[in-house]
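Proteins get letters first, then strands, A, B, ... in listed order; numbering begins at 1 in each. As a basis for the values below, the full set of heavy atoms in this structure was taken, side chains included, without hydrogen atoms, waters or symmetry mates.
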Amino acid sequence: MVGSRNRFNCLRKWVGKDGIVPDELTYNVLIKGFFMVGKVDRAWTIMEFMRTKGCRLNGFNYATLMNGLSRDGKMNKAEEALEEMKRCGLKPDAVVYTTLINGLCRSGRTEEAIGLLEEMKVAGCKADIVTFNVLLVGLCKEGRLMEALSMVESLPRAGVQLDKGSYRIVLNGLLQGGELEKTAEFLFLMLARGFVPHYATSNELLESLCSGGMVRESADALVELVEMGFMPKLEVWCLVIEATCREKKLLSAFELLDE
DNA sequence: ATAGGGTTAG
(Lines give C-alpha, C1' and ligand atoms only; values in the text may rest on other atoms or scores of the structure.)
Protein backbone atom coordinates (compact mmCIF):
# COMPACT_ATOMS: atom_id res chain seq x y z
CA MET A 1 0.00 0.00 0.00
CA VAL A 2 1.40 3.33 -1.05
CA GLY A 3 1.12 6.12 1.53
CA SER A 4 -0.87 9.26 0.77
CA ARG A 5 2.28 11.35 0.61
CA ASN A 6 3.75 9.10 -2.03
CA ARG A 7 0.60 9.11 -4.05
CA PHE A 8 0.57 12.87 -4.09
CA ASN A 9 4.24 12.98 -4.92
CA CYS A 10 3.50 10.66 -7.77
CA LEU A 11 0.98 13.17 -9.09
CA ARG A 12 3.45 16.00 -8.55
CA LYS A 13 5.99 14.13 -10.63
CA TRP A 14 3.52 13.48 -13.43
CA VAL A 15 2.56 17.11 -13.56
CA GLY A 16 6.09 18.44 -13.17
CA LYS A 17 8.15 16.16 -15.36
CA ASP A 18 5.90 14.07 -17.51
CA GLY A 19 3.69 16.91 -18.65
CA ILE A 20 0.48 15.15 -17.67
CA VAL A 21 -2.26 17.60 -16.79
CA PRO A 22 -4.84 16.33 -14.29
CA ASP A 23 -8.32 17.80 -14.64
CA GLU A 24 -10.77 18.89 -11.95
CA LEU A 25 -12.15 15.38 -11.79
CA THR A 26 -8.79 13.88 -10.90
CA TYR A 27 -8.21 16.57 -8.32
CA ASN A 28 -11.64 15.97 -6.87
CA VAL A 29 -10.91 12.28 -6.34
CA LEU A 30 -7.75 13.26 -4.49
CA ILE A 31 -9.46 15.93 -2.37
CA LYS A 32 -12.19 13.53 -1.35
CA GLY A 33 -9.68 10.78 -0.64
CA PHE A 34 -7.61 12.94 1.66
CA PHE A 35 -10.67 14.15 3.53
CA MET A 36 -11.88 10.57 3.86
CA VAL A 37 -8.71 9.46 5.57
CA GLY A 38 -8.71 12.54 7.78
CA LYS A 39 -5.82 14.28 6.05
CA VAL A 40 -7.44 17.68 5.81
CA ASP A 41 -4.15 19.50 5.39
CA ARG A 42 -3.29 17.30 2.43
CA ALA A 43 -6.64 18.14 0.84
CA TRP A 44 -5.79 21.82 1.30
CA THR A 45 -2.42 21.27 -0.33
CA ILE A 46 -4.12 19.76 -3.34
CA MET A 47 -6.30 22.80 -3.74
CA GLU A 48 -3.36 25.17 -3.38
CA PHE A 49 -1.59 23.04 -5.95
CA MET A 50 -4.58 23.34 -8.28
CA ARG A 51 -4.51 27.08 -7.99
CA THR A 52 -0.80 27.35 -8.71
CA LYS A 53 -1.39 25.26 -11.81
CA GLY A 54 -4.06 27.66 -12.92
CA CYS A 55 -6.82 25.12 -12.47
CA ARG A 56 -9.89 26.74 -10.95
CA LEU A 57 -12.14 24.92 -8.52
CA ASN A 58 -15.50 23.95 -9.97
CA GLY A 59 -18.79 23.17 -8.25
CA PHE A 60 -17.86 19.55 -7.61
CA ASN A 61 -14.62 20.61 -5.95
CA TYR A 62 -16.44 23.07 -3.74
CA ALA A 63 -19.05 20.50 -2.69
CA THR A 64 -16.33 18.00 -1.82
CA LEU A 65 -14.42 20.66 0.05
CA MET A 66 -17.44 21.81 2.03
CA ASN A 67 -18.41 18.28 2.95
CA GLY A 68 -14.89 17.56 4.17
CA LEU A 69 -14.74 20.76 6.16
CA SER A 70 -18.11 20.39 7.83
CA ARG A 71 -17.42 16.76 8.73
CA ASP A 72 -14.18 17.95 10.24
CA GLY A 73 -16.10 20.38 12.43
CA LYS A 74 -14.99 23.41 10.43
CA MET A 75 -18.43 24.72 9.61
CA ASN A 76 -17.31 28.34 9.38
CA LYS A 77 -14.70 27.46 6.81
CA ALA A 78 -17.34 25.59 4.84
CA GLU A 79 -19.53 28.69 4.87
CA GLU A 80 -16.58 30.78 3.72
CA ALA A 81 -16.17 28.38 0.83
CA LEU A 82 -19.75 29.14 -0.24
CA GLU A 83 -18.97 32.86 -0.29
CA GLU A 84 -15.77 32.28 -2.22
CA MET A 85 -17.66 30.17 -4.70
CA LYS A 86 -20.14 32.96 -5.33
CA ARG A 87 -17.34 35.53 -5.60
CA CYS A 88 -15.81 33.41 -8.35
CA GLY A 89 -19.05 33.58 -10.25
CA LEU A 90 -20.05 29.95 -9.64
CA LYS A 91 -23.71 29.30 -8.96
CA PRO A 92 -24.14 26.92 -6.00
CA ASP A 93 -26.47 24.04 -6.84
CA ALA A 94 -28.66 21.78 -4.70
CA VAL A 95 -25.78 19.49 -3.75
CA VAL A 96 -23.65 22.38 -2.52
CA TYR A 97 -26.53 23.84 -0.50
CA THR A 98 -27.53 20.46 0.89
CA THR A 99 -23.97 19.79 2.00
CA LEU A 100 -23.99 23.01 4.00
CA ILE A 101 -27.51 22.52 5.32
CA ASN A 102 -26.48 19.10 6.60
CA GLY A 103 -23.38 20.54 8.24
CA LEU A 104 -25.40 23.27 9.93
CA CYS A 105 -27.97 20.75 11.17
CA ARG A 106 -25.25 18.52 12.57
CA SER A 107 -23.81 21.52 14.42
CA GLY A 108 -27.19 22.24 15.98
CA ARG A 109 -27.61 25.33 13.79
CA THR A 110 -30.95 24.28 12.33
CA GLU A 111 -32.25 27.82 12.17
CA GLU A 112 -29.42 28.81 9.86
CA ALA A 113 -30.03 25.68 7.81
CA ILE A 114 -33.59 26.87 7.27
CA GLY A 115 -32.15 30.23 6.27
CA LEU A 116 -30.08 28.51 3.60
CA LEU A 117 -33.17 26.75 2.30
CA GLU A 118 -34.72 30.19 1.91
CA GLU A 119 -31.62 31.42 0.14
CA MET A 120 -31.91 28.51 -2.29
CA LYS A 121 -35.44 29.50 -3.11
CA VAL A 122 -34.45 33.11 -3.71
CA ALA A 123 -31.52 32.00 -5.89
CA GLY A 124 -33.84 29.84 -7.96
CA CYS A 125 -32.15 26.62 -6.86
CA LYS A 126 -34.66 23.83 -6.33
CA ALA A 127 -34.30 21.84 -3.13
CA ASP A 128 -34.61 18.09 -3.73
CA ILE A 129 -35.52 15.07 -1.63
CA VAL A 130 -32.06 14.87 -0.05
CA THR A 131 -32.23 18.51 1.00
CA PHE A 132 -35.59 18.00 2.67
CA ASN A 133 -34.66 14.75 4.39
CA VAL A 134 -31.48 16.27 5.79
CA LEU A 135 -33.51 19.16 7.12
CA LEU A 136 -36.18 16.86 8.56
CA VAL A 137 -33.53 14.95 10.49
CA GLY A 138 -32.17 18.25 11.77
CA LEU A 139 -35.57 19.49 12.90
CA CYS A 140 -36.40 16.22 14.65
CA LYS A 141 -33.03 16.07 16.39
CA GLU A 142 -33.58 19.58 17.69
CA GLY A 143 -37.03 18.62 18.98
CA ARG A 144 -38.81 20.81 16.44
CA LEU A 145 -41.19 17.96 15.73
CA MET A 146 -44.24 20.01 14.82
CA GLU A 147 -42.30 21.87 12.17
CA ALA A 148 -41.02 18.62 10.71
CA LEU A 149 -44.54 17.26 10.79
CA SER A 150 -46.08 20.23 9.05
CA MET A 151 -43.35 20.19 6.39
CA VAL A 152 -44.10 16.59 5.46
CA GLU A 153 -47.78 17.27 5.67
CA SER A 154 -47.69 20.25 3.33
CA LEU A 155 -44.76 19.70 0.93
CA PRO A 156 -46.59 17.30 -1.42
CA ARG A 157 -49.19 20.02 -1.96
CA ALA A 158 -46.32 22.27 -3.06
CA GLY A 159 -45.29 19.68 -5.63
CA VAL A 160 -42.42 18.12 -3.67
CA GLN A 161 -42.28 14.34 -3.96
CA LEU A 162 -41.23 12.96 -0.59
CA ASP A 163 -40.14 9.34 -0.13
CA LYS A 164 -40.57 6.71 2.55
CA GLY A 165 -37.41 8.00 4.22
CA SER A 166 -39.02 11.41 4.78
CA TYR A 167 -42.01 9.84 6.47
CA ARG A 168 -39.94 7.44 8.54
CA ILE A 169 -37.70 10.23 9.78
CA VAL A 170 -40.68 12.16 11.12
CA LEU A 171 -42.57 9.14 12.42
CA ASN A 172 -39.48 8.03 14.27
CA GLY A 173 -38.93 11.52 15.63
CA LEU A 174 -42.48 11.75 16.96
CA LEU A 175 -42.35 8.28 18.49
CA GLN A 176 -38.98 8.83 20.16
CA GLY A 177 -40.16 12.24 21.31
CA GLY A 178 -43.08 10.66 23.14
CA GLU A 179 -45.69 12.47 21.05
CA LEU A 180 -48.07 9.51 21.07
CA GLU A 181 -51.15 11.22 19.69
CA LYS A 182 -49.24 12.98 16.94
CA THR A 183 -47.46 9.72 16.16
CA ALA A 184 -50.75 7.89 15.65
CA GLU A 185 -52.15 10.72 13.59
CA PHE A 186 -49.03 10.82 11.46
CA LEU A 187 -49.06 7.06 10.96
CA PHE A 188 -52.52 7.26 9.45
CA LEU A 189 -51.42 10.14 7.22
CA MET A 190 -48.43 8.25 5.86
CA LEU A 191 -50.39 5.06 5.35
CA ALA A 192 -53.04 7.00 3.49
CA ARG A 193 -50.28 8.33 1.25
CA GLY A 194 -48.95 4.83 0.64
CA PHE A 195 -45.84 4.88 2.85
CA VAL A 196 -45.19 2.11 5.35
CA PRO A 197 -43.06 2.33 8.50
CA HIS A 198 -40.22 -0.07 9.09
CA TYR A 199 -41.11 -3.43 10.64
CA ALA A 200 -39.38 -2.69 13.96
CA THR A 201 -40.94 0.77 14.14
CA SER A 202 -44.42 -0.63 13.52
CA ASN A 203 -44.10 -3.09 16.39
CA GLU A 204 -42.66 -0.46 18.71
CA LEU A 205 -45.40 1.96 17.76
CA LEU A 206 -48.20 -0.53 18.49
CA GLU A 207 -46.66 -1.37 21.85
CA SER A 208 -46.34 2.30 22.75
CA LEU A 209 -49.93 3.03 21.81
CA CYS A 210 -51.17 0.17 23.98
CA SER A 211 -49.07 1.02 27.00
CA GLY A 212 -49.98 4.67 26.55
CA GLY A 213 -53.66 3.87 26.84
CA MET A 214 -54.44 4.52 23.19
CA VAL A 215 -55.97 1.12 22.68
CA ARG A 216 -58.52 2.14 20.09
CA GLU A 217 -55.77 3.74 17.97
CA SER A 218 -53.51 0.73 18.35
CA ALA A 219 -56.24 -1.57 17.06
CA ASP A 220 -56.96 0.76 14.13
CA ALA A 221 -53.27 1.07 13.38
CA LEU A 222 -52.85 -2.69 13.50
CA VAL A 223 -55.65 -3.24 11.03
CA GLU A 224 -54.31 -0.62 8.62
CA LEU A 225 -50.74 -1.86 8.88
CA VAL A 226 -51.86 -5.42 8.19
CA GLU A 227 -53.74 -4.17 5.15
CA MET A 228 -50.45 -2.75 3.90
CA GLY A 229 -48.80 -6.15 4.23
CA PHE A 230 -47.35 -5.86 7.73
CA MET A 231 -47.18 -8.93 9.99
CA PRO A 232 -46.64 -7.90 13.62
CA LYS A 233 -44.51 -9.83 16.07
CA LEU A 234 -46.68 -12.40 17.85
CA GLU A 235 -46.31 -10.71 21.25
CA VAL A 236 -47.43 -7.37 19.78
CA TRP A 237 -50.41 -9.03 18.14
CA CYS A 238 -51.37 -10.52 21.53
CA LEU A 239 -50.75 -7.26 23.33
CA VAL A 240 -53.16 -5.32 21.13
CA ILE A 241 -55.86 -7.98 21.37
CA GLU A 242 -55.53 -8.29 25.16
CA ALA A 243 -55.65 -4.54 25.59
CA THR A 244 -58.72 -4.37 23.40
CA CYS A 245 -60.38 -7.08 25.51
CA ARG A 246 -59.49 -5.32 28.73
CA GLU A 247 -61.20 -2.21 27.40
CA LYS A 248 -64.30 -4.43 27.18
CA LYS A 249 -64.40 -3.88 23.46
CA LEU A 250 -65.08 -7.52 22.83
CA LEU A 251 -66.60 -6.89 19.44
CA SER A 252 -63.47 -5.04 18.29
CA ALA A 253 -61.29 -7.81 19.64
CA PHE A 254 -63.23 -10.35 17.62
CA GLU A 255 -62.87 -8.18 14.56
CA LEU A 256 -59.13 -8.10 15.09
CA LEU A 257 -59.01 -11.86 15.51
CA ASP A 258 -60.93 -12.24 12.27
CA GLU A 259 -58.30 -10.18 10.51
C1' DA B 1 -20.65 11.22 -19.27
C1' DT B 2 -17.14 10.79 -15.44
C1' DA B 3 -16.49 13.56 -9.77
C1' DG B 4 -19.92 16.27 -5.20
C1' DG B 5 -24.92 15.89 -0.70
C1' DG B 6 -28.84 11.91 3.02
C1' DT B 7 -32.21 9.35 5.78
C1' DT B 8 -35.07 5.32 7.43
C1' DA B 9 -33.27 0.92 11.05
C1' DG B 10 -30.09 -2.15 12.75
Undergrad: Categorize A/Asn67 for me: base, sugar-phosphate, or nothing, with a 4.0 angstrom heavy-atom threshold over every strand shown.
TA: sugar-phosphate

Undergrad: Counting just side-chain N and O atoms, does A/Thr201 come under 4.0 Å of either OP1 or OP2 of B/dA9?
TA: yes

Undergrad: Check for a donor-acceptor pair, side chain of A/Thr201 on one end and backbone N or O of A/Pro197 on the other, with a separation under 3.5 Å.
TA: no

Undergrad: Taking N and O atoms by type only, does the side chain of A/Thr131 place a donor or acceptor under 3.5 Å from a partner on the base of B/dG5?
TA: yes

Undergrad: Which of these nucleotides, B/dA3, B/dG5, B/dT8, is closest to any side-chain atom of A/Glu24?
TA: B/dA3

Undergrad: Which part of the nucleic acid, if any, lies within reach of A/Thr98 when heavy atoms closer than 4.0 Å are counted: base, sugar-phosphate only, or nothing?
TA: base

Undergrad: When you measure from the side chain of A/Asn203 to the backbone of A/Lys233, do you find a donor-acceptor pair of N or O atoms at a distance under 3.5 Å?
TA: yes

Undergrad: Please report the closest heavy-atom contact between A/Phe60 and A/Asn28, naming both atoms and the distance.
TA: O-OD1, 3.5 Å

Undergrad: Measure from the side chain of A/Leu25, starting at C-beta and using heavy atoms only, and say which of B/dG4, B/dG5, B/dT2 lies closest.
TA: B/dT2

Undergrad: To the nearest angstrom, how far is A/Leu136 atom CG from B/dA9 atom P?
TA: 13 Å

Undergrad: Using a heavy-atom cut-off of 4.0 Å across all strands, would you classify A/Val130 as base, sugar-phosphate, or nothing?
TA: base

Undergrad: Should A/Met120 and A/Thr131 count as side-chain neighbours, where that means a heavy-atom distance under 4.5 Å?
TA: yes

Undergrad: Rounded to whole Å, please give me the gap between CG in A/Leu30 and P in B/dT2.
TA: 19 Å

Undergrad: Are the ring of A/Phe60 and the six-membered base ring of B/dA3 within the stacking cut-offs of under 5.5 Å and under 30°?
TA: yes

Undergrad: Any side-chain N or O of A/Lys32 below 4.0 angstrom from OP1/OP2 of B/dG4?
TA: yes

Undergrad: I need the CZ-P distance between A/Arg168 and B/dT8, as an integer number of Å.
TA: 11 Å

Undergrad: Scan side-chain atoms only and decide if A/Asn67 and A/Thr64 contain a donor-acceptor pair under the 3.5 Å cut-off.
TA: no

Undergrad: Checking contacts here: which listed nucleotide (B/dA3, B/dT7, B/dG4) is nearest the side-chain heavy atoms of A/Val96?
TA: B/dG4

Undergrad: Rounded at 0.5 Å granularity, tell me how far CH2 in A/Trp44 sits from CD1 in A/Ile31.
TA: 10.0 Å

Undergrad: Is the phosphate of B/dA9 approached by A/Asn172 (side-chain N or O, under 4.0 Å from OP1 or OP2)?
TA: yes

Undergrad: Could you tell me how far apart A/Asn203 (CG) and B/dA9 (C1') are, to the nearest whole angstrom?
TA: 13 Å

Undergrad: Between B/dT2 atom P and A/Asn61 atom CG, what is the distance in whole Å?
TA: 16 Å

Undergrad: Any donor-acceptor pair under 3.5 Å joining the side chain of A/Asn58 to the base of B/dG4?
TA: no

Undergrad: Given B/dA3, B/dG5, B/dA9, identify the nucleotide with an atom nearest to the side chain of A/Asn28.
TA: B/dA3

Undergrad: Output the rounded distance in Å from CG (A/Asp93) to P (B/dG4).
TA: 13 Å

Undergrad: Expressed in angstrom and rounded to an integer, what is the separation of A/Arg106 atom CZ from B/dT7 atom C1'?
TA: 13 Å

Undergrad: Output the rounded distance in Å from CG (A/Leu100) to P (B/dG4).
TA: 17 Å

